[in-house]
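Data first, discussion second: the structure below is written as structure tokens.
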2 protein chains.
Amino acid sequence: MRLTSKGRYAVMALVDLARFDGINPVSLRDISLRQGISLDYLEQIFSKLRKKEIVQSVRGTQGGYVLNRKAKEIKLTNIFDAVDEKVKTVQCKKDSKKGCNGKSTKCLTHNLWDELETHINNFFDKKSLDDLVKENFERRL
Amino acid sequence: MRLTSKGRYAVMALVDLARFDGINPVSLRDISLRQGISLDYLEQIFSKLRKKEIVQSVRGTQGGYVLNRKAKEIKLTNIFDAVDEKVKTVQCKKDSKKGCNGKSTKCLTHNLWDELETHINNFFDKKSLDDLVKENFERRL
DNA sequence: TATAAACCTGACCAAAATAGTCAAGTATCA
DNA sequence: TGATACTTGACTATTTTGGTCAGGTTTATA
Ligand code: FES
Ligand code: FES
């Protein structure tokens with residue numbers, strides 16, 4: 001099980017951005033430089049974040065992105081969902097009644113993976129962007 | 001984040017096998033047929049499980065595999081470890097002091113991913129093969 | 001003792017997913 | 001009217017995954 005860069009970068013960029021929340025828009029170029037993420041790749045990611053209304057864009061000189069909601073109300077779940085970083089543990093289609101082995105019953109481990117998925121999602125549901133910024137700030141003291 | 005088939009199959013096969021624990025060795029051919037997993041692939045997986053002393057092989061006609069430890073003492077962690085299904089959430093090398101961005105400090109989200117990794121591993125540490133067999137048996141009643 | 005069942009090993013490969021790059025815009029502010 | 005920054009879509013190289021294939025060796029038993 002590995003986390004993909006897309007999800008990792010999305011959160012990283014948003015934490016960077018959230019630090020300036022309410023102060024000024026942050027350009028992707030700045031984030032790219034500070035966090036060492038390819039600018040082109042960031043653009044892909046922010047396009048998705050904008051569509052899911054997590055950030056808002058400000059065009060023109062001195063433009064950039066700002067949060068579209070309060071940091072406290074943006075959960076990791078929302079971020080991952082926006083960039084299509086899905087937690088997928090089962091092999092079968094969830095709504096189908098067929099198992100991953102093609103048989104008519106779910107496989108021996110289906111329940112287990114389903115539990116695991118819930119367990120992981122719990123973690124994502126709890127953490128907000130605000131938590132992350134704060135933790136990060138404290139660490140620097 | 002997705003679970004790979006290798007890990008999924010390893011657990012599935014072991015649950016199948018554990019049901020006959022103490023009765024007779026179980027051949028990979030049988031597991032292959034019952035669980036719909038390629039025999040060749042199973043052999044790769046069991047080769048690893050044997051090296052990590054999770055199963056023992058019984059050669060010859062009527063041979064197969066048996067558990068090498070009590071089902072209660074085989075945790076998901078052990079299984080995943082044996083087949084190299086690693087939980088990897090951070091990008092950087094864990095022991096290095098450098099961050100994933102090449103800088104000398106860990107990135108803004110390093111701590112978060114580390115927490116996530118612990119959270120997932122907790123789940124794997126708790127579940128034993130014995131638990132799985134029992135859950136499965138109960139479900140069938 | 002022959003033979004079939006089963007384990008064992010390593011090399012190989014195709015498809016999918018990932019992690020980007022590249023090119024060509026459009027909008028807006030100073 | 002330039003410079004800055006967002007916007008979009010297509011394209012691609014690399015890596016990972018999920019296997020297959022070929023050619024063994026070992027051992028129980030008929
Ligand atoms: S994972 Fe759902 S049936 Fe196997
Ligand atoms: S994940 Fe460890 S430094 Fe970024």
Side-chain angles (χ1 to χ4, degrees), chain A residues 1-13 17 20 24-66 68 80 83-89 91 100-102, chain B residues 1-13 17 20 24-33 35-52 54-66 68 80 82-89 91 100-101:
Chain A
M1 304 205 74
R2 50 176 45 209
L3 193 64
T4 67
S5 287
K6 190 153 55 179
R8 209 183 284 114
Y9 287 164
V11 176
M12 205 183 294
L17 189 156
F20 300 92
N24 51 28
V26 180
S27 74
L28 293 189
R29 192 172 149 277
D30 285 357
I31 297 180
S32 165
L33 290 174
R34 275 196 296 262
Q35 308 303 329
I37 306 170
S38 140
L39 177 58
D40 283 316
Y41 204 22
L42 272 178
E43 284 174 347
Q44 277 185 46
I45 292 170
F46 272 76
S47 161
K48 293 185 179 188
L49 292 174
R50 196 179 55 83
K51 278 177 193 153
K52 289 296 174 79
E53 299 179 340
I54 291 176
V55 295
Q56 250 185 352
S57 68
V58 180
R59 308 190 80 144
T61 316
Q62 304 300 323
Y65 284 93
V66 289
N68 196 24
F80 276 16
V83 298
D84 303 310
E85 170 87 43
K86 293 168 200 142
V87 175
K88 188 183 175 192
T89 55
Q91 174 71 1
C100 58
N101 42 21
Chain B
M1 308 206 70
R2 49 176 48 207
L3 192 66
T4 67
S5 285
K6 190 152 55 178
R8 210 182 283 113
Y9 286 164
V11 177
M12 206 183 296
L17 191 157
F20 299 93
N24 51 28
V26 181
S27 75
L28 294 190
R29 193 172 149 278
D30 284 357
I31 297 180
S32 165
L33 290 175
Q35 307 304 329
I37 306 170
S38 139
L39 177 60
D40 283 317
Y41 203 22
L42 272 178
E43 282 177 349
Q44 277 184 46
I45 292 171
F46 272 75
S47 162
K48 294 183 179 192
L49 291 174
R50 198 178 55 82
K51 277 177 193 152
K52 289 297 175 76
I54 291 176
V55 294
Q56 250 187 351
S57 68
V58 179
R59 308 191 81 145
T61 315
Q62 304 301 323
Y65 284 94
V66 288
N68 196 26
F80 276 16
V83 299
D84 304 309
E85 170 88 42
K86 294 169 200 140
V87 175
K88 189 182 175 194
T89 56
Q91 173 72 0
C100 58
N101 42 21

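Atom CE in A:Met1 sits about 16 Å away from atom P in C:dA17, given to the nearest Å. Separating the CZ atom of A:Phe46 from the P atom of D:dT8 is a distance of 15 Å, rounded to the nearest angstrom. Regarding B:Asp84, its CG atom lies at a distance of 17 Å from the P atom of D:dG19, rounded to whole Å. A straight line from NZ of B:Lys48 to C1' of C:dT9 spans 13 Å, rounded to a whole angstrom. In this structure, B:Leu3 places its CG atom 17 Å from P of D:dT16, rounding to the nearest Å.
Applying the 6.0 Å contact sphere to CD of A:Glu43 captures more than 12 heavy atoms from other residues, nucleotides or ligands.
Rounding to the nearest 0.5 angstrom, the gap separating the CG atom in A:Leu39 from the CG atom in A:Asp30 is 10.5 Å. With values rounded to the nearest 0.5 angstrom, B:Gln35 atom CD is found 13.5 Å from B:Ser38 atom OG. Distance check: B:Arg29 CZ to B:Leu33 CG gives 5.5 Å after rounding to the nearest 0.5 Å. Rounding to the nearest 0.5 Å gives a distance of 11.0 Å between CD1 of A:Ile45 and CG of A:Asp84.
The main-chain N or O of A:Met1 is found under 3.5 Å from a side-chain atom of B:Glu85 such that the two form a donor-acceptor pair. Judged by distance alone, the side chain of B:Ser27 and the main-chain N or O of B:Gly64 form no donor-acceptor pair under 3.5 Å. A donor-acceptor pair is defined here as one N or O able to donate and one able to accept, closer than 3.5 Å; such a pair exists between the side chain of B:Arg8 and the backbone of A:Thr89. Looking only at distances, a side-chain donor or acceptor of A:Asn68 sits under 3.5 Å from a matching main-chain atom of A:Glu53. With hydrogens and angles ignored, the 3.5 Å screen pairs no side-chain donor or acceptor of A:Ser57 with any backbone N or O of A:Tyr65.
B:Tyr41 has no side-chain polar atom (N or O) that falls below the 4.0 Å cut-off from OP1 or OP2 of D:dT17. The shortest distance between the side-chain N/O atoms of B:Ser47 and the OP1/OP2 oxygens of C:dC8 is not below 4.0 Å. Of the side-chain N and O atoms in A:Arg50, one or more sit less than 4.0 angstrom from OP1 or OP2 of D:dT7. When the side-chain nitrogen and oxygen atoms of A:Arg8 are compared with OP1 and OP2 of C:dT18, none of them lie within a distance under 4.0 Å. A close approach under 4.0 Å does occur between a side-chain nitrogen or oxygen of A:Ser57 and OP1 or OP2 of D:dT7. OP1 or OP2 of D:dT20 sits under 4.0 Å from a side-chain N or O of B:Ser38. Neither OP1 nor OP2 of D:dT17 sits under 4.0 Å from any side-chain N or O of B:Ser5. Within the 4.0 Å cut-off from OP1 or OP2 of C:dC8, at least one side-chain nitrogen or oxygen of B:Tyr65 is found.
Each of A:Asp40 and A:Gly63 was matched to the nucleotide of DNA chain D holding its nearest heavy atom; the match closer to the 5' end belongs to A:Gly63.
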Review point. Given Watson-Crick or G-U pairs with both distances under 3.5 Å, what dot-bracket string fits DNA chain C, with | for other-strand pairs and [ ] for crossing?
Key: ||||||||||||||||||||||||||||||

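For A:Glu43 against C:dT21, no side-chain N or O and base N or O form a donor-acceptor pair under 3.5 Å. Scanning atom types as modelled, one donor and one acceptor separated by under 3.5 angstrom connect the side chain of A:Gln44 and the base of C:dT21.
The side chain of A:Arg2 approaches D:dT16 more closely than any other nucleotide in the set C:dA6, C:dT18, D:dT16.
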What are the atom names and distances for every N/O pair under 3.5 Å that joins the protein to nucleotides 27-29 of chain C?
| residue | atom | partner | partner atom | Å |
| --- | --- | --- | --- | --- |
| C:dA27 | O4' | A:Arg59 | NH2 | 3.4 |
| C:dC29 | O2 | A:Thr61 | OG1 | 3.1 |

